[in-house]
Asks: 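First, the structure itself, so that you have it in front of you.
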Amino acid sequence: GCMTEEGVKMLLSVSHRGLEKQPESGDVVLYTWPEVTKMFHKKKRFIIKTLPPEGAPQLVSFLFNQRRAAKEVWKMVLEQHDFFRLEFPLQPSKLAFLKLGSKFRYSGRTQYQ
């Protein structure tokens, strides 16, 4: 489980439709894969940037108890997002030594393939 910035506990799940969050008391909120434009983790936080069809871009943050948990969720969400959204896996860059950030990329087959 994780929490919102306000400290509300919730469940977070990943599916073929997208990322779902369900607060302990409340309705399920679905962020579909086409809406999710960016995702990253920073310390104990997992953050997604969404672009809803009828609204402005927004950042949604999930707070975990451990840094490792946030990173594992980020990896899982990245793999699912790439599997359902990409036609072909991204090829690694030859100039990777100049790049900052994570080198983790999804390398398996996609739904399209």
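For the single chain, residues carry numbers from 1 onward in sequence order.
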Asks: To the nearest 0.5 Å, what is the distance between CD (Gln66) and NZ (Lys43)?
Replies: 16.0 Å
Asks: Determine, for Glu72 against Arg68, whether the closest basic-nitrogen to carboxylate-oxygen distance falls under 4.0 angstrom.
Replies: yes
Asks: Report the distance from atom NZ of Lys75 to atom CE of Met39, rounding to the nearest 0.5 Å.
Replies: 14.5 Å
Asks: Check whether any side-chain heavy atom of Met10 lies under 4.5 Å from a side-chain heavy atom of Met3, and answer yes or no.
Replies: no
Asks: Linking Ile, Leu, Val, Met, Phe, Trp and Tyr by side-chain heavy atoms under 4.5 Å, what else ends up with Leu11?
Replies: none
Asks: Show every salt bridge (Lys or Arg N to Asp or Glu O under 4.0 Å) that has at least one partner inside residues 28-40, sequence neighbours left out.
Replies: none
Asks: Out of curiosity, does Tyr31 fall in the hydrophobic cluster containing Val8 (side-chain heavy atoms, cut-off under 4.5 Å, transitive links)?
Replies: no
Asks: Check whether any side-chain heavy atom of Val77 sits under 4.5 Å from a side-chain heavy atom of Val73, and report yes or no.
Replies: yes
Asks: Do His16 and Trp33 come within less than 4.5 Å of each other through their side chains, counting heavy atoms only?
Replies: no
Asks: State the CG-CG distance between Leu12 and Leu19, to the nearest 0.5 angstrom.
Replies: 4.5 Å
Asks: May I have the list of side-chain donor-acceptor pairs in residues 44-64 shorter than 3.5 Å, sequence neighbours left out?
Replies:
| unit_1 | atom_1 | unit_2 | atom_2 | d |
| --- | --- | --- | --- | --- |
| Lys44 | NZ | Asn65 | O | 3.4 |
| Arg45 | NE | Glu5 | OE2 | 3.0 |
| Arg45 | NH2 | Glu5 | OE1 | 3.1 |
| Thr50 | OG1 | Gln58 | O | 3.4 |
| Ser61 | OG | Glu5 | OE2 | 2.7 |

Asks: Listed by chain and number, what are the side chain to side chain donor-acceptor pair (under 3.5 Å) partners of Ser15, not counting sequence neighbours?
Replies: none
Asks: Could you list all the salt bridge (Lys or Arg N to Asp or Glu O under 4.0 Å) pairs where at least one residue sits in residues 14-24, not counting sequence neighbours?
Replies: Arg17-Glu20
